[in-house]
There are 2 protein chains.
Amino acid sequence: MSSTTIDTPTKILTATLALLERPGAKLPTMSDIARASGVSRQAVYLHFPGRTDLLIAATRLQDMQNDIDAALTASRSATSGTERLDAFVTAWGNYIPKIYGVARAILAVVDTDAEAAAAWNTRMADMREGCAAAVQALANEGTLPANVDPEQATDLLWTILSVRTWENLTQTCGWDQACYIDTVRGLALAALAQDVGALTDVLACPDPPA
Amino acid sequence: MSSTTIDTPTKILTATLALLERPGAKLPTMSDIARASGVSRQAVYLHFPGRTDLLIAATRLQDMQNDIDAALTASRSATSGTERLDAFVTAWGNYIPKIYGVARAILAVVDTDAEAAAAWNTRMADMREGCAAAVQALANEGTLPANVDPEQATDLLWTILSVRTWENLTQTCGWDQACYIDTVRGLALAALAQDVGALTDVLACPDPPA
DNA sequence: GCTGTCAATTGACACTGTGTCAAGCGACTT
DNA sequence: AAGTCGCTTGACACAGTGTCAATTGACAGC
């Protein structure tokens, strides 16, 4: 019995995720979410203090469902620094499309909502640690040029791997996900490991003529 | 007489720009704008159909004041392709901070307002032409590797030069504007001209310890 | 000076969306 | 039978956008 009954907070969160993950969807209102959850609007407020908190809770559920940590820690087992960078770029780059719907909704309120901004910043700080670790691995094996500041290299990698960059290339320019991954990997290798061949090969990747 | 009297639309637009250009400012409401213009809220609606139209008009005024076209066309006179890329990156990269306040306000409503999205897209399409021209110049002189697709190279350069990338590096990471320019130029040269030395030199640029 | 016109003001209103409050209702416990 | 828990219903306050109508004030032309 209890196995078939879904509790209301979960119903709300899964409905929210479903709404946010519809490609090209308008950002849902609290009424939209309540309707989609099959629950009254007030019931939503009974379980979540406000829209922002609900969105944040939705990201947490999503992170658990997708087990981002497992994907990212896998990159730590790579032996060489270059392989590690490669693994990290691939893992994160393939994670972005899964979270994009929710990320979009949070990014849309980050300008006006300090709480949302804080939540997003922590999330991105976590990702930045992965960037820093990859940069460190490159530095350890001497692939990162000695005169390069690791902090700045991390900032740059972090920016290259940002959701906005993914959004630009795949959503606005219409790139294939595989093409995005290859390009971003090549860009990271060129920027941090002075390996330029990978990128130019990739920029010739089969471009679906829109 | 008429030289000292400023007409109301101009008063509104300049007040709007002043509000938007305050660093770290909250996004202004129509009431804020009216108050700052020394005019009633309804007077604003008398001259602009709505908030979006007002923002768009503000960007047009700003473009005129800053004469973006002059700055960008200057890059066309560069002889070599590399110099041209360099000039374009510098011109656009130094233009971004001037428009950032307004860009932020427009980007904030792009998700919910189709008209704003359209206006922003045209603006960015103009900038993309500059990217395409720079890529073409590189291709003409053979600096762009022959197997690289110019369309994709343009997309990539356009993304590297996006306002979001500038925002990430200078606003979130706290980079110096000069450092941003050098890095982005280096990244573009590495990605499109296989010149990797420029970037690694730059990533060691004096980083103000926040 | 009188009148018409135009720009702007004032104050009201509708609408959307968020968030709060209080009363009620049904099912399940004890 | 009483109490409690989770949810519903319907009302409300508030901010922000956009609309409308009546009014004011200045500046024209006659």
Side-chain angles (χ1 to χ4, degrees), chain A residues 1-16 19-20 25-59 102 104-119, chain B residues 1-16 19-20 25-59 102 104-119:
Chain A
M1 314 298 174
S2 70
S3 65
T4 60
T5 307
I6 312 148
D7 73 338
T8 308
T10 309
K11 265 197 326 200
I12 295 170
L13 286 177
T14 53
T16 304
L19 284 181
L20 291 172
K26 291 255 155 268
L27 298 174
T29 67
M30 291 300 260
S31 301
D32 294 333
I33 290 168
R35 202 174 314 119
S37 314
V39 120
S40 72
R41 194 171 68 93
Q42 280 56 33
V44 180
Y45 284 102
L46 229 50
H47 296 283
F48 303 94
R51 192 172 191 276
T52 301
D53 314 79
L54 173 56
L55 289 178
I56 293 169
T59 71
V102 187
R104 235 185 99 231
I106 294 200
L107 284 170
V109 295
V110 148
D111 272 316
T112 55
D113 186 325
E115 197 190 346
Chain B
M1 316 300 172
S2 71
S3 65
T4 60
T5 306
I6 312 146
D7 73 336
T8 307
T10 310
K11 267 198 323 201
I12 295 170
L13 286 177
T14 52
T16 304
L19 284 180
L20 291 172
K26 292 257 155 264
L27 298 175
T29 68
M30 292 300 261
S31 302
D32 293 333
I33 290 168
R35 201 174 315 120
S37 314
V39 119
S40 71
R41 193 171 70 93
Q42 280 56 32
V44 180
Y45 284 102
L46 228 52
H47 296 283
F48 304 94
R51 192 172 191 277
T52 301
D53 314 78
L54 172 55
L55 289 178
I56 294 169
T59 72
V102 187
R104 235 184 101 230
I106 294 200
L107 284 170
V109 295
V110 149
D111 272 315
T112 55
D113 187 324
E115 198 190 345

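Convention: sequence-line order gives letters A, B, ...; per-chain numbering from 1.
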Please determine, for the side chain of [X], which listed nucleotide ([options]) has the closest atom?
X	options	result
B:R41	D:dT17, C:dT20, C:dT9	D:dT17
A:R51	D:dT17, C:dT18, D:dT8	C:dT18
B:T8	D:dT17, C:dT18, C:dA8	C:dA8

Length of the [atom1]-[atom2] vector between [X] and [N], whole Å:
X	N	atom1	atom2	answer
B:I33	D:dT17	CD1	P	8 Å
B:R35	C:dT9	CZ	P	14 Å
A:D53	C:dG19	CG	C1'	12 Å
B:Q42	D:dG16	CD	P	15 Å
B:Y45	D:dG16	OH	P	12 Å
B:H47	C:dA8	NE2	C1'	8 Å
B:M30	C:dC15	CE	P	20 Å
A:D113	C:dT18	CG	P	12 Å

Classify the nucleic acid contact of A:T29 as base, sugar-phosphate or nothing, counting any heavy atom under 4.0 Å across all strands shown.
sugar-phosphate
- request: Take B:D113 and B:R51 through the side chain to side chain contact (heavy atoms under 4.5 Å, CB included) test and state the conclusion after the steps.
  value: CA-CA 10 Å; B:D113 187 324; B:R51 192 172 191 277; over 6 Å; no
Before giving the answer on side chain to side chain contact (heavy atoms under 4.5 Å, CB included), spell out for B:H47 and B:V39 the whole-Å C-alpha distance, their side-chain angles and the decisive distance to 0.1 Å.
-> CA-CA 12 Å; B:H47 296 283; B:V39 119; over 6 Å; no
In this structure, CD1 of B:I56 is separated from CD1 of B:I106 (nearest 0.5 Å) by 6.0 Å
Q.
I'd like to know if the side chain of A:R104 reaches the main chain of A:A25, judged simply by a donor and an acceptor atom lying under 3.5 Å from each other, with no hydrogens or angles considered.
A. yes
